[in-house]
Amino acid sequence: MSDRICKMEENKLIERSKQGDLDCFNQLVEMYQRQVYNLCLRMLGNTHDAEDVTQGAFISAYKGIGRFKEGNFRAWLFRIAANACRDQLRLLRRRPASSLDALPLDLELEDRRAPSPEEYAINQELGEHIRHALAGLPADQRMAVILRDIMELDYEEIAQATASSIGTVKSRISRGRARLRAHLKQYVELFP
Amino acid sequence: MWNFFPRDFVCIYREMFKRKRECKKLKGMLSPYIDEQLSPSEVKRVERHIEECAVCRRELESLRAVVSLLHRVPMVALPRSFTIAARAPRRRPVALGALRVATAVAVLLLAFVFTSDALHLFEAGRVEDRSTLQGYTATSTPAGGETFEAPDASDVQPETIDASESTWPVRSVELALIGVVVVLGGTTVILWQKRRRGEGLKRP
Ligand SMILES: [Zn+2]
């Protein structure tokens, strides 16, 4: 019920944004900025590029919102962000990567109690390994895995966000997870 | 003669071979199996196989572990808001348009003067050429190239003008026009690049 109201609200905001209402568009930005930023952050691996690309993606979305037809707005937005990430990665390949501003990846704990120092250390080490393992994936597999396992989108939405077929999404996720498993082998055995 | 191997052995071998092939086929199905993306018959096929194949069972378990690790990657808080600031009144694009037109006019004019010069038209129709030329320079100057024209012209006039060639300074007009084209073109390019960069970095 509240979901449907939200959707109606969203459609209204989209309509008014198409007429050039920046305040309405900014409300959409506020609804999705956390997800878009996190997608870019996991895709690019550092906060600096993630901020730039997120901002750029929202500006492109505002300029191009007239081209958005009915459908899944989030997937449309993610598609713009995904393309922006891809362009940025292409640029990064040309200049030496700096990991100085890379954000350490701290995993969430499964239970809410305070971790012991050892648990904390293992957790941090594991987070770093996940970051490296993700960075080692080909970009299209990484995008699919992030959208599925971190952003928790369904296959249909991932297909829309990456402009590919469900079959392609399936195989990218499958190959991406298999590679991650190889990278994280020791930890996978540690955390059954 | 053909039954050289014992019958059981052939059977076992064939079974092993079949299962190996099935393992290969199932490899790509384990991940969609976790996400419940398989058809009921495919699900049955996977479940039947992992029941008897320990290798694939372990593979499925480790894939599940990877997925649950990834689920623990947190959504981080925003470093700032990404809302878009209202645009400053757009003046640059208008200036840019005018500059482009002025550059184009100057280039055309330059081409005209060059060809005229090359074909020695100035000696024949000096009077008309002068009037059109002056008309053109007048329209192109307000866009910003005016300061460069005068010094250029006065600089070159003394040494390049051949007294026998013409009573009005064709060479210096050409040089002045080159100066105008360079200045106008340069300004246009700089403005254009600034604007592109500005769009990419626009912040609230
Ligand atoms: Zn098997």
Side-chain angles (χ1 to χ4, degrees), chain A residues 22-23 25-27 29-30 33-38 41-42 47 50-52 54-59 62-63 103 105-110 123 126-127 130-131 133-134 145-146 148-152 154-155 166 169-171 173-178 180-181 184-185 187-192, chain B residues 23-39 42-43 45-46 50 54-90 93 195-204:
Chain A
L22 187 58
D23 286 336
F25 184 78
N26 277 335
Q27 284 186 52
V29 173
E30 273 161 12
Q33 57 182 351
R34 189 153 179 250
Q35 295 180 58
V36 172
Y37 174 70
N38 272 273
L41 178 65
R42 295 312 172 206
T47 51
E51 271 189 50
D52 278 359
T54 303
Q55 187 67 77
F58 278 120
I59 288 169
Y62 181 57
K63 283 185 187 156
L103 190 74
L105 197 160
D106 292 319
L107 290 181
E108 269 166 0
L109 291 162
E110 268 149 311
N123 225 36
L126 184 52
I130 291 178
R131 202 167 62 77
L134 276 173
V145 168
I146 290 171
R148 175 66 202 150
D149 290 330
I150 300 178
M151 314 300 293
E152 302 186 22
D154 62 32
Y155 278 54
I166 298 265
V169 170
K170 245 184 224 179
S171 89
I173 293 175
S174 181
R175 279 181 293 155
R177 281 173 177 167
L180 286 179
R181 185 189 48 197
L184 298 168
K185 204 162 185 213
Y187 294 98
V188 168
E189 279 155 14
L190 217 78
F191 293 82
Chain B
C23 289
K24 239 185 186 168
K25 278 190 181 161
L26 282 196
K27 230 177 176 168
M29 287 165 82
L30 295 178
S31 168
Y33 174 76
I34 293 173
D35 292 332
E36 298 174 2
Q37 292 291 316
L38 295 180
S39 68
E42 288 172 320
V43 169
R45 185 173 162 191
V46 170
I50 55 177
V55 177
C56 288
R57 201 160 51 234
R58 267 204 306 276
E59 195 156 331
L60 180 66
E61 273 161 20
S62 63
L63 269 184
R64 280 212 169 104
V66 167
V67 172
S68 73
L69 272 182
L70 290 170
H71 277 312
R72 287 171 54 201
V73 173
M75 291 275 277
V76 302
L78 290 174
R80 63 182 176 86
S81 169
F82 293 100
T83 50
I84 300 171
R87 272 176 187 284
R90 301 181 72 184
R195 196 173 124 215
R196 278 186 55 187
R197 232 175 295 136
E199 271 167 4
L201 294 171
K202 197 151 191 119
R203 295 258 161 94

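Each chain gets a letter, A, B and so on, in the order its sequence line appears, and its residues count up from 1. These numbers were taken from a predicted model, which means no experiment stands behind them. Side chains included, hydrogens not; waters and symmetry mates left out as well; all remaining heavy atoms used.
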Original post:
Relative to chain B, which of Arg148(A), Glu152(A), Lys170(A) shows the most heavy atom pairs under 4.5 Å?
Top reply: Arg148(A)
**OP:** Mind checking the OG1-CD spacing from Thr83(B) to Glu30(A)? Nearest 0.5 Å is all I need.
**Re:** 6.0 Å
Original post:
Are the side chain of Arg34(A) and the backbone N or O of Leu78(B) linked by a donor-acceptor pair below 3.5 Å?
Top reply: no
Subject >> Ser81(B) to Gln55(A) - nearest heavy-atom pair and separation >> reply: O-OE1, 4.4 Å
Subject >> For the student: nearest non-hydrogen atoms of Tyr155(A) and Pro32(B), plus distance >> reply: OH-CA, 4.1 Å
Original post:
Between the side chains of Gln33(A) and Arg80(B), is a donor N or O closer than 3.5 angstrom to an acceptor N or O?
Top reply: no
Original post:
Can you name the nearest heavy-atom pair linking Leu69(B) to Leu184(A), along with the distance?
Top reply: CD1-CD1, 4.3 Å
Original post:
Quick one: side-chain hydrogen bond (donor to acceptor under 3.5 Å, both in side chains) partners of Ser174(A), sequence neighbours excluded?
Top reply: none
Original post:
How many angstroms lie between atom CG of Asn123(A) and atom CZ of Arg72(B), to the nearest 0.5 angstrom?
Top reply: 5.0 Å
Original post:
What is the distance from atom CD of Gln37(B) to atom CG of Asp154(A), rounded to the nearest 0.5 Å?
Top reply: 7.5 Å
Original post:
Heavy atoms, side chains only, cut-off 4.5 Å: are Leu70(B) and Ile146(A) in contact?
Top reply: no
Original post:
What are the two closest non-hydrogen atoms of Val76(B) and Asn38(A), and how far apart are they?
Top reply: N-OD1, 2.7 Å
**OP:** Sequence neighbours left out, what passes ring pair (Phe, Tyr, Trp, His ring centres under 6.0 Å) with Phe25(A)? Give chain and number order.
**Re:** Tyr62(A)
Subject >> chain B contact via Ile173(A) - side chain, backbone, both or neither, heavy atoms under 4.5 Å >> reply: both
Original post:
Of the non-hydrogen atoms in Leu22(A) and Ile84(B), which two are nearest, and what is the gap between them?
Top reply: CD2-O, 3.6 Å
Original post:
So what's closer than 4.5 Å to chain B heavy atoms on Gln35(A): side chain, backbone, both or neither?
Top reply: both
**OP:** Can you measure from CD (Glu59(B)) to CZ (Arg181(A)) and round to the nearest 0.5 angstrom?
**Re:** 4.0 Å
**OP:** Examine whether an atom of Val145(A) lies under 4.5 Å from a heavy atom of chain B, and if so say whether it belongs to the side chain, the backbone or both; otherwise answer neither.
**Re:** side chain
Subject >> Nearest heavy atoms of Phe82(B) and Glu51(A), plus distance in Å >> reply: CE2-O, 3.5 Å
Original post:
About how many Å separate CZ of Arg175(A) and OG of Ser31(B), when rounded to the nearest 0.5 Å?
Top reply: 11.0 Å
Subject >> Spacing of Arg177(A) atom CZ and Asp35(B) atom CG [to the nearest 0.5 Å] >> reply: 4.0 Å
